[in-house]
Structure formats: structure tokens, C-alpha cells
Amino acid sequence: MQSMSLATVFGTIFGFCLILGAIAHGTDNYMSFLSPEGFLIVIGGTIANAFMSYQANYVFLAFNAMWHMIKKPRATREGLNAEIMRLIKWAYLVHSKGLIGLEGEVGNRLREPLLRYGVELVITGYPPEVIRSMMNTAVEADFERSIAPVTVLRNMASTAPAFGMVGTLVGMVIMLQHIQGNMALIGTGLAVALLATLYGIIMARLFCLPAADKLMQKEEIMRFRNYMMTEGMVLLAEKQSPRYMQDKLNSFLDPSIHFNLDSQLKHTSPPATVSV
């Protein structure tokens with residue numbers, strides 16, 4: 001549960017409870033809200049349309065995003081403060097051991113590709129403005145790759161109600177075919193017509209759109225964090241002092257969570273080695 005966003009989990013459960021609660025309050029015949037035909041039309045049609053419209057790997061990433069909707073984001077408000085702490089540790093390392101020390105202590109231990117790329121640029125000795133330009137390009141490219149599933153999910157959100165209307169038309173045809181015959185089949189057609197629309201709206205509003213918006217929000221926060229880390233790499237290349245780095249990077253943060261180097265130094269001395 002520590003890796004999950006409890007607010008998202010509770011919001012999802014609350015949304016379904018409202019729908020199921022309304023059904024339970026309105027009828028005792030719960031099975032009347034189940035229509036395999038309507039389900040197949042909406043779900044099958046939406047998935048088929050997604051695979052027809054986009055590359056398969058992006059569609060699978062979109063499905064994965066629905067599950068990851070309830071997981072905590074990689075970059076958080078509190079995490080930004082911790083990232084500044086990490087950059088300041090690296091600044092102490094550069095001032096004490098030089099860029100070679102940064103390479104030995106940090107370079108090979110970084111797991112995040114974007115940060116490892118930035119450290120490699122600093123160690124190589126590129127000018128600060130060149131590092132900023134290269135890192136900005138890398139940040140934007142990473143962002144565009146990460147939000148590709150958002151387009152798929154929003155397409156699915158617009159397609160699902162459309163296939164709900166397809167189900168409505170199919171149900172109407174079934175009803176008209178039996179309007180002077182087997183009256184029991186009229187109810188079947190009416191169920192398909194109405195439930196297909198219901199399924200399409202639920203799929204769009206409780207699955208696809210929330211997953212798309214959540215993924216977009218997570219990646220926008222991550223992009224913001226990456227721009228902050230880019231500025232930190234530039235400051236490392238300029239060999240700025242840790243205190244200057246603190247003041248510069250704090251401009252990215254809400255004043256209530258500004259990093260305070262003095263309070264950190266009261267508890268720990270400037271590190272000789274860096275834990276990544």
C-alpha cells in the first residue's frame with residue numbers, strides 16, 4: 001500500500017460504490033444490469049479501434065497506465081526537496097574531489113537514465129550552456145515518449161461512448177425485429193440498447209479519462225523535476241558553491257518546502273562519499 005496513492009484508490013472505490021449503490025437502491029434484480037452483448041460491443045470495439053489506430057506497444061502502455069493510475073508518482077512535492085539535497089551532496093563532492101570524484105562516486109551507481117546522461121555531460125566537461133541545451137532536449141524527448149499513452153487513452157475515452165451508441169442501434173434493431181413476434185426478445189433488445197450506452201460512459205469516465213489525466217499530471221510533475229535537475233547539472237558544471245545551488249534551486253520550489261542547508265548541516269557534516 002505504500003506504493004499506492006490512497007486518494008486515487010478511495011476515489012475509484014467511491015465512484016463505483018455510488019453507481020452500485022444506486023443500482024442496489026433502485027432494484028433487486030441486479031442481473032438486469034448485465035449484458036454480455038453490450039459489454040462485447042463496447043469493450044471489444046474500443047480495444048479493436050485502439051489497435052487499428054495506434055502501434056500495439058502504445059496500446060499496451062495505455063492499458064498499463066490504467067493500473068498505474070493508483071500508484072504513487074515517481075516525483076512528488078516532498079521528493080523535490082530531497083533531489084536538491086542530492087545535488088548539493090554532489091556539489092560538495094565536486095569541490096572536494098573534482099569531476100573525477102563525481103565520476104567515481106556517482107556515475108556508475110545512477111540507475112535513472114536521464115540523470116546518468118546529465119552526470120556524464122558534466123564529467124565530460126561540456127560548457128554549462130551546452131549541457132543545458134542537451135538536457136532540455138533530453139527532458140522534452142523523455143516527456144513526449146512518456147505521454148504517448150495519454151493520446152491512446154483519450155481516444156479510447158471518446159470511442160467507448162460511440163460504441164455504446166452502436167450497441168444502442170443494435171438493440172433497437174433487435175427490438176424492431178421482434179415487435180410483432182416474441183415479446184420477450186424486445187426486453188433483450190432494450191437491455192442491449194441501454195446498457196451498451198451505460199458501459200460506454202462508465203468505461204470513458206471511470207477508466208480511460210482518469211487514467212489519461214493522472215498519467216499526464218504525473219509526467220508533467222516529472223518534467224518539472226527534470227528541469228530542476230537540469231539546472232542542478234548546469235550549476236555543477238559551473239562549480240558553484242553548495243549555498244548558491246541551494247538558493248538557485250529553491251526558486252523551483254514552493255517557499256514552504258525550501259531546502260535549508262543550515263538545518264541539514266546541524267545534523268550531518270558535508271559528506272565525503274555520496275549515496276545515490
Side-chain angles (χ1 to χ4, degrees), residues 1-54 58-73 149-218:
M1 292 296 293
Q2 291 182 351
S3 63
M4 293 186 179
S5 171
L6 295 180
T8 305
V9 173
F10 290 148
T12 304
I13 294 174
F14 182 67
F16 279 102
C17 284
L18 286 178
I19 296 173
L20 296 176
I23 293 173
H25 185 269
T27 181
D28 293 330
N29 184 16
Y30 309 132
M31 298 302 293
S32 64
F33 284 86
L34 296 179
S35 171
E37 299 86 355
F39 184 85
L40 289 174
I41 290 172
V42 173
I43 303 300
T46 302
I47 294 175
N49 177 269
F51 278 105
M52 292 169 64
S53 304
Y54 301 96
Y58 290 122
V59 178
F60 288 123
L61 286 173
F63 293 152
N64 196 44
M66 291 185 185
W67 162 247
H68 284 286
M69 176 176 64
I70 65 174
K71 303 192 77 172
K72 287 183 178 179
V150 172
T151 304
V152 180
L153 288 168
R154 288 180 175 168
N155 174 269
M156 292 173 67
S158 62
T159 302
F163 276 100
M165 291 301 299
V166 171
T168 299
L169 295 175
V170 171
M172 294 295 292
V173 171
I174 295 174
M175 289 175 60
L176 292 174
Q177 285 179 340
H178 298 90
I179 197 167
Q180 291 182 339
N182 188 349
M183 297 299 292
L185 294 177
I186 293 180
T188 301
L190 182 60
V192 172
L194 297 179
L195 292 177
T197 301
L198 176 65
Y199 294 161
I201 294 173
I202 289 176
M203 183 176 179
R205 295 295 172 176
L206 282 183
F207 286 100
C208 298
L209 277 180
D213 292 341
K214 180 70 75 170
L215 178 60
M216 177 61 79
Q217 183 192 47
K218 287 180 178 179

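In this chain, residues are counted from 1 in sequence order.
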Donor-acceptor side-chain pairing of Ser5 and Lys71 below 3.5 angstrom: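 The criterion, which ignores hydrogens and geometry beyond distance, is not satisfied for Lys71 and Ser5.
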Are [X] and [Y] close enough that some pair of their side-chain heavy atoms sits under 4.5 Å apart?
X      : Y      : result
Met66  : Cys208 : yes
Lys72  : Lys218 : no
Leu176 : Val173 : no
Thr27  : Phe33  : yes
Leu215 : Met69  : no
Val152 : Leu61  : no
Val42  : Val166 : no
Leu153 : Phe207 : no

Least distance between heavy atoms, [X] atom then [Y] atom:
X      : Y      : answer
Gly164 : Thr197 : O-OG1, 3.5 Å
Pro210 : Ala204 : CD-O, 3.9 Å
Ala193 : Met172 : CB-N, 4.3 Å
Ala65  : Ala211 : O-CB, 4.1 Å

Crowded around [X] [atom1]? As in, over 12 foreign heavy atoms under 6.0 Å?
X     : atom1 : result
Tyr58 : OH    : no
Phe63 : CZ    : yes
Phe51 : CZ    : yes

Distance from Thr159 atom OG1 to Ile47 atom CD1, nearest 0.5 Å?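 It comes to 11.5 Å.
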Can you measure from OG1 (Thr8) to CD1 (Ile13) and round to the nearest 0.5 angstrom?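 Separation between the atoms: 11.0 Å.
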Would you please test Asn155 and Asn49 for side chain to side chain contact (heavy atoms under 4.5 Å, CB included) and show each step? CA-CA 9 Å; Asn155 174 269; Asn49 177 269; 3.1 Å; yes
Look at the side chain of [X] and the backbone N and O of [Y], then say whether any donor-acceptor pair between them is shorter than 3.5 Å.
X      : Y      : result
Thr46  : Ile43  : no
Ser32  : Asn29  : yes
Tyr199 : Ser35  : yes
Lys214 : Leu209 : no

Using side chain to side chain contact (heavy atoms under 4.5 Å, CB included), reason through Val170 and Glu37 one step at a time and then give a plain yes or no. CA-CA 10 Å; Val170 171; Glu37 299 86 355; over 6 Å; no
Might you work through the side chain to side chain contact (heavy atoms under 4.5 Å, CB included) test for Leu195 and Leu34, ending with a clear yes or no? CA-CA 8 Å; Leu195 292 177; Leu34 296 179; 6.0 Å; no
